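Here is the structure we will look at.
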Amino acid sequence: MSFVRNRANCKHKTDQEGAVMYFPVLFVLTCLVSADAAAPRTYLLQEVGNPSCVRCCGPSEEPAEPPKKSKVKEYAVYPMPRVQPRIEMSILKGEKGEIGGKGPPGISGKEGQRGHQGQPGMKGQKGQTGPPGNSCKIQYAAFSVARRKSLHSTEYFQTVVFDTAFVNLYEHFNMFSGTFVCYVPGIYYFNLNVHTWNLKETYLHIMKNNEETAILYAQPSDRSIMQSQSLMLQLRDKDEVWVRMFKRERENALYNDDTDVYIIFNGYLVKAMDD
C-alpha cells in the first residue's frame with residue numbers, strides 16, 4: 001500500500017496577526033488491486049481545502065474571489081499485470097545423457113480402413129536357374145504275364161509261375177517266383193484269366209502278401225470254359241501280389257495248349273500315393 005501526499009504552502013495576511021501558513025493536505029485513497037480482476041474499478045479522489053491561497057478580509061470587506069468548492073475527481077484503476085517468472089532452460093541444460101532402454105510396446109490401435117490398390121511395380125530381374133526336378137515325379141508300374149503250359153496241383157497250396165512276359169515295366173514282376181513286388185505305393189488294378197479243364201475243378205487265390213484277397217473258382221464240367229477275376233488293391237512299398245492254386249478233395253488243374261495262351265495275369269498302377 002502506498003500513500004501519496006501533496007503539500008501546498010500558502011501565506012495569508014491578517015490585520016491583527018502576522019502571516020500564518022496553512023498546509024492543505026491532499027489525502028489519496030489507495031487500494032490494493034488484485035491482478036486477477038477482470039474489469040477496471042472506479043475510485044473517488046477527495047481533495048480537501050482550497051487549491052490556492054486567498055486573502056482574508058474583515059467583516060466590512062468582501063473577499064476578492066469566492067472560495068472554491070471542493071472538487072471530486074474520478075480515477076479509473078486497472079488491474080496490475082501478473083508477473084509470471086520464467087526460467088531459461090537453455091542456461092540450465094546439462095550434458096546429453098545415455099540412450100535409455102526400449103520401453104514396452106504400446107496398446108495396438110484400431111485397424112484402419114483398407115487403402116487403395118497401389119500402382120504395379122517395376123519388373124524384377126530374372127532369377128537363377130533352380131535345381132533339376134525329379135524325373136520320376138510321374139511314376140508308372142504295369143505288367144502282363146502268361147503261362148503256356150498246363151498245370152496240375154500236386155500240393156495243398158501251389159504257386160502259379162508264368163513263363164511269358166508281354167509287359168514287365170521296370171521288371172517289377174519276378175518271373176522266377178511268380179510275384180509282383182510293389183515299388184510305387186498306390187492303387188493297383190489286377191486281373192486273372194484262366195481256362196478250366198474238363199471234369200476237373202479250378203480253384204485259385206489272388207494273394208496280397210500272405211492274405212487271400214480274391215478267389216477264382218469253377219466247378220467240374222463236361223466242357224472247358226474261360227474264367228476271369230479282377231480287383232483293385234492299395235499297396236505299400238514292398239507289398240507282394242501273386243496267384244496260388246488250392247487243392248481240395250478233387251483234382252485241381254489249369255488247361256493250356258502249345259499254340260494258344262489262356263492263362264494271363266495283368267496288373268498296373270492306377271494312382272500313386274502322395275508323399
Side-chain angles (χ1 to χ4, degrees), residues 136-275:
C136 300
K137 192 168 182 82
I138 301 177
Q139 300 177 353
Y140 302 94
F143 70 92
S144 179
V145 294
R147 181 180 175 89
R148 295 182 178 273
K149 298 180 179 179
S150 300
L151 180 62
H152 290 77
S153 61
T154 58
E155 300 177 0
Y156 188 69
F157 292 120
Q158 182 175 346
T159 303
V160 178
V161 180
F162 300 88
D163 53 21
T164 302
F166 299 118
V167 174
N168 190 9
L169 192 62
Y170 308 123
E171 302 294 328
H172 289 180
F173 191 90
N174 190 332
M175 298 295 293
F176 297 98
S177 62
T179 304
F180 170 75
V181 181
C182 175
Y183 294 101
V184 183
I187 306 299
Y188 284 80
Y189 173 82
F190 297 96
N191 171 259
L192 177 62
N193 297 304
V194 297
H195 194 288
T196 64
W197 202 309
N198 296 350
L199 303 176
K200 293 182 180 182
E201 186 179 49
T202 302
Y203 204 134
L204 300 171
H205 291 150
I206 300 178
M207 305 291 295
K208 175 184 175 182
N209 299 325
N210 293 323
E211 178 186 358
E212 301 172 2
T213 58
I215 297 174
L216 188 153
Y217 178 75
Q219 293 181 348
S221 175
D222 295 339
R223 301 188 328 176
S224 59
I225 59 174
M226 291 293 299
Q227 195 76 359
S228 178
Q229 180 65 282
S230 59
L231 76 163
M232 298 181 70
L233 295 174
Q234 181 174 349
L235 303 181
R236 297 181 180 180
D237 189 34
K238 299 300 188 302
D239 281 347
E240 296 181 353
V241 179
W242 49 287
V243 179
R244 75 176 183 185
M245 299 181 68
F246 176 47
K247 181 181 179 181
R248 299 192 299 177
E249 294 81 7
R250 300 179 182 180
E251 187 178 3
N252 190 5
L254 298 175
Y255 175 78
N256 202 92
D257 57 28
D258 296 335
T259 56
D260 298 325
V261 178
Y262 299 114
I263 306 171
I264 301 175
F265 184 35
N266 305 311
Y268 58 88
L269 175 65
V270 176
K271 183 181 183 302
M273 294 178 61
D274 297 332
D275 295 337

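This is a predicted model, so every value here is computed, not measured.
- Residue Gln227 holds its CD atom at 10.0 Å from CG of Leu192, rounded to the nearest 0.5 Å.
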Steps toward side-chain contact (heavy atoms from CB on, under 4.5 Å) verdict (Glu240, Lys208) = CA-CA 6 Å; Glu240 296 181 353; Lys208 175 184 175 182; over 6 Å; no
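- Summarising the geometry of Thr196 relative to Ala218, their closest heavy-atom pair is CG2-CB, 3.4 Å, with the distance given to 0.1 Å.
- Note that the CZ atom of Phe157 and the OG1 atom of Thr159 stand 10.5 Å from one another [nearest 0.5 Å].
- The minimum heavy-atom distance between Ile206 and Gln229, with the atom names listed, is CD1-CG, 4.1 Å.
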_Under the criterion side-chain contact (heavy atoms from CB on, under 4.5 Å), I'd like the reasoning laid out for Asp222 against Leu199: C-alpha separation, chi angles, the key distance, then a yes or no._
CA-CA 6 Å; Asp222 295 339; Leu199 303 176; 3.2 Å; yes
Is there a side-chain contact (heavy atoms from CB on, under 4.5 Å) between Tyr183 and Gln139? Walk through the geometry before answering.
CA-CA 10 Å; Tyr183 294 101; Gln139 300 177 353; over 6 Å; no
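- Considering only heavy atoms from C-beta on, Phe143 comes within 4.5 Å of Val145 through its side chain.
- Here CG of Leu216 is found 11.0 Å from CG of Leu231. Values are rounded to the nearest 0.5 Å.
- Ring pair Tyr268/Tyr188: centre-to-centre distance not below 6.0 Å.
- Note that CZ of Arg148 and CG of Asp163 are 7.0 Å apart. Values are rounded to the nearest 0.5 Å.
- Using a 30° and 60° split on the angle between ring planes, Phe180 and His172 fall in the tilted class, from 30° to 60°.
- Interatomic distance, OG1 of Thr202 versus CD of Glu251, reported as 10.5 Å (0.5 Å rounding).
- Rounding to the nearest 0.5 angstrom, the gap separating the CG atom in Asn193 from the CD1 atom in Ile263 is 10.5 Å.
- Side chain of Asn209 to backbone of Glu211: no donor-acceptor contact under 3.5 angstrom is found.
- With Asn191 contributing its side chain and Ser230 its backbone, the two residues share no donor-acceptor pair below 3.5 Å.
- Taking every heavy atom of both residues into account, Val167 and Ala142 meet most closely at CG1-O, 4.1 Å.
- Across all their heavy atoms, His205 and Ile215 have their closest contact at CD2-CG1, 3.5 Å.
- Relative ring orientation between Tyr203 and Tyr217 is described as perpendicular, the plane-to-plane angle rising above 60° on a 0-90° scale split at 30° and 60°.
- In this structure, the side chains of Leu204 and Leu254 come closer than 4.5 Å at one or more pairs of heavy atoms.
- Taking the six-membered ring for Trp and thresholds of 30 and 60 degrees, His195 and Tyr255 have ring planes inclined between 30 and 60 degrees apart.
- The two residues Met245 and Leu151 make their nearest non-hydrogen contact at SD-CD2, 3.3 Å.
- A heavy-atom distance below 4.5 Å is not found between the side chains of Trp242 and Phe265.
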Kindly determine whether Leu233 and Thr213 satisfy side-chain contact (heavy atoms from CB on, under 4.5 Å), including the steps that lead there. CA-CA 9 Å; Leu233 295 174; Thr213 58; 4.3 Å; yes
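- Between Tyr140 and Val184 the shortest side-chain heavy-atom distance does not fall below 4.5 Å.
- Between the side chain of Asn256 and the backbone N or O of Tyr262, at least one donor-acceptor pair lies under 3.5 Å.
- Between Arg236 and Cys182, the closest heavy-atom pair is O-SG, 3.3 Å.
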